[in-house]
Amino acid sequence: MESKIFIIIIIICLVLLVIGLIKKRMDLLVNFGLRAFAGLVGIYIVNMLLDGLGLSLGVGTNGLTALTIGSLGIPGFLLVYGVAIYYYFV
């Protein structure tokens, strides 16, 4: 019971932080969204190019990759493909 109350308090705090962020710094959310969208489009294009070359690294377009690329930008894009290359050869 105590853990449920603790989780509810954490969720309420996170919601209030997001509302405050939206009110104060909308540009950060727009920047994050644009980076995530451009990164996912980039993943799709790179996957198509690599598939044409016969290399299927299999980087997916999902929430985790969108979060990584949206928060880190180009280094996040390179990180996702670096991890895929690592697991492809190992």
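What you are looking at is a predicted structure, and each value in this text was computed from that prediction instead of being measured. Residue indices begin at 1 and follow the sequence shown.
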Do you know the tightest heavy-atom contact between Ala66 and Ala36?
O-CB, 3.7 Å

Check the surroundings of atom CG in Leu28: do more than 12 heavy atoms from other residues, nucleotides or ligands lie under 6.0 Å from it?
yes

[X] versus [Y]: any side-chain heavy-atom pair under 4.5 Å?
X	Y	answer
Leu16	Ile12	yes
Val46	Phe77	yes
Ile5	Ile7	no
Tyr81	Asn47	yes

Any chance you could measure [X], atom [atom1], to [Y], atom [atom2], to the nearest 0.5 Å?
X	Y	atom1	atom2	answer
Thr61	Ile69	OG1	CD1	9.5 Å
Leu40	Asn62	CG	CG	8.5 Å
Ile45	Leu50	CD1	CG	12.0 Å
Leu55	Leu57	CG	CG	5.5 Å
Phe6	Ile11	CZ	CD1	11.0 Å
Arg25	Asn31	CZ	CG	10.0 Å

Using the rule given for side chain to side chain contact (heavy atoms under 4.5 Å, CB included), can you reason through Leu67 versus Phe32, listing the C-alpha separation, both sets of side-chain angles and the distance that settles it, and then say yes or no?
CA-CA 9 Å; Leu67 182 66; Phe32 175 82; 4.0 Å; yes

When hydrophobic residues are tied together by side-chain contacts of less than 4.5 Å, even through go-betweens, does Val80 share a cluster with Tyr88?
yes

Val90 with Val83, same ILVMFWY side-chain cluster at under 4.5 Å
yes

Flag, side chain of Thr65 to backbone of Gly60, donor-acceptor distance under 3.5 Å
yes

